[in-house]
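Residues: numbered from 1 along the sequence shown. Whatever order the structure lists ligands and atoms in, that order sets their numbers, starting from 1.
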Amino acid sequence: MCAADVPQVSALEAQSQFTPWSEQVFLDCLRDDYLCQVVMAGPDTLAAFMVISRVLDEAHLLNIAVASDWQRRGIARTLLADMMTALAPESRYLFLEVRAGNAPARALYEQLGFSVTGVRRGYYRCATGREDAVLMMQPLSPS
Ligand SMILES: CC(C)(COP(=O)(O)OP(=O)(O)OC[C@H]1O[C@@H](n2cnc3c(N)ncnc32)[C@H](O)[C@@H]1OP(=O)(O)O)[C@@H](O)C(=O)NCCC(=O)NCCS
């Protein structure tokens with residue numbers, strides 16, 4: 001991802017999330033050297049993006065979205081699996097948080113081997129009030 005991608009990334013974010021990040025948040029992630037990736041389906045067609053931060057030996061999946069026309073083709077699974085390989089061995093764990101009601105994302109993470117490590121009650125805003133965050137983790141290399 002580069003700054004020129006951010007308007008398209010932000011548009012996909014707005015279609016994908018109940019409380020979307022602003023363009024400035026993506027620009028801040030680029031400035032702070034987070035791992036920001038895009039998948040292009042053509043020169044001007046964004047299919048997916050992913051943002052990961054690293055702190056010491058931990059990596060955190062902060063955001064991932066696949067455009068609706070490109071979902072269910074293994075793009076998110078491939079992006080994440082490739083990134084998990086690339087992150088090891090510098091990062092020993094990959095953490096993430098997911099809305100309890102986000103069945104597609106939870107199925108994706110379970111398929112990739114993530115385990116549930118906890119729940120943050122009422123962490124997210126949603127249309128009907130608040131929704132729990134499920135915390136998940138995947139070891140990336142032997143401890
Ligand atoms: C979650 C998301 C990133 C998945 O992207 P994707 O490229 O369609 O996922 P993949 O094709 O790689 O699917 C991998 C596995 O995830 C699960 N999965 C993905 N979409 C699913 C759906 N709609 N329903 C049920 N399971 C689903 C399945 O187990 C799937 O494997 P299978 O196709 O062999 O059954 C996509 O639905 C999305 O962008 N959602 C909106 C944004 C979002 O919720 N991001 C996650 C925030 S934590």
Shared ILVMFWY cluster between Met84 and Val51, side chains joined below 4.5 angstrom? no
One finds that the ligand 1 atoms under 4.0 Å from a non-hydrogen atom of Gly74 are 10 (P), 11 (O), 12 (O)
Return the residue, atom name and 0.1 Å-rounded distance of the protein heavy atom closest to atom 18 (N) of ligand 1. Pro104 O, 3.6 Å
In ligand 1, which numbered atoms sit nearer than 4.0 Å to a non-hydrogen atom of Ala65? 39 (O)
Out of Val134, Leu61, Leu108, who is nearest to atom 17 (C) of ligand 1 when you count heavy atoms only? Leu108
Hey, does Asn102 come in under 3.5 Å of ligand 1, counting only N/O atoms on both sides? yes
Numbered atoms and elements of ligand 1 in range of Arg73, under 4.0 angstrom, heavy atoms: 11 (O)
Hydrophobic clusters here meaning ILVMFWY residues chained together by side-chain heavy-atom distances under 4.5 Å, can you tell me if Leu135 and Met137 are in one? no
When rounded to the nearest 0.5 angstrom, what distance separates NE2 in His60 from CG in Leu35? 12.5 Å
With a heavy-atom distance limit of 4.0 Å, tell me whether Tyr109 approaches ligand 1 through its side chain, its backbone, both, or neither. side chain
CD of Gln37 to CG of Leu80, rounded to nearest 0.5 Å, is 9.5 Å
re atom 5 (O) of ligand 1, the protein heavy-atom contact at minimum distance is Ala76 CB, 3.2 Å
Around atom 45 (N) of ligand 1, find the nearest protein heavy atom and jot down its residue, atom name and distance. Ile64 O, 2.8 Å
Report the nearest protein non-hydrogen atom to atom 12 (O) of ligand 1: residue, atom name, distance rounded to 0.1 Å. Arg77 N, 2.9 Å
For atom 26 (N) of ligand 1, grab the closest protein heavy atom and report residue, atom and distance to one decimal in Å. Ala107 CB, 3.7 Å
Count the heavy atoms of every other residue, nucleotide or ligand shown that sit under 6.0 Å from CZ of Arg125, and state whether that count exceeds 12. no
Has Phe95 got more than 12 heavy atoms of other residues, nucleotides or ligands less than 6.0 Å from its CZ? yes
For ligand 1 and Val66, I'd like to know whether there is a polar contact (N/O to N/O, distance under 3.5 Å). yes
Intermediate values then yes/no, side-chain contact (heavy atoms from CB on, under 4.5 Å), Glu23 and Glu13: CA-CA 9 Å; Glu23 287 194 13; Glu13 166 79 350; over 6 Å; no
Look at the rings of Trp21 and Phe26 and say which category their plane angle falls in: under 30° parallel, 30 to 60° tilted, over 60° perpendicular. tilted
CZ of Arg99: more than 12 outside heavy atoms within 6.0 angstrom? yes
Any side-chain heavy atom of Ile64 within less than 4.5 Å of one from Tyr109? yes
among protein heavy atoms, the one nearest atom 15 (C) of ligand 1 is Gln111 OE1, 3.6 Å
Applying a strict under-4.5 Å side-chain criterion to I, L, V, M, F, W and Y, I'd like to know whether Phe49 and Met83 cluster together. no
Region of Arg99 that comes within reach of ligand 1 [heavy atoms, distance under 4.0 Å]: neither
Top protein contact for atom 33 (O) of ligand 1, by heavy-atom distance: Arg72 NE, 3.1 Å
Heavy-atom contacts with Ala105 under 4.0 Å: which atoms of ligand 1 show up? List them by number with element. 1 (C), 46 (C)
What's the shortest distance from atom 38 (C) of ligand 1 to any protein heavy atom, and which residue and atom give it? Gln71 NE2, 3.6 Å
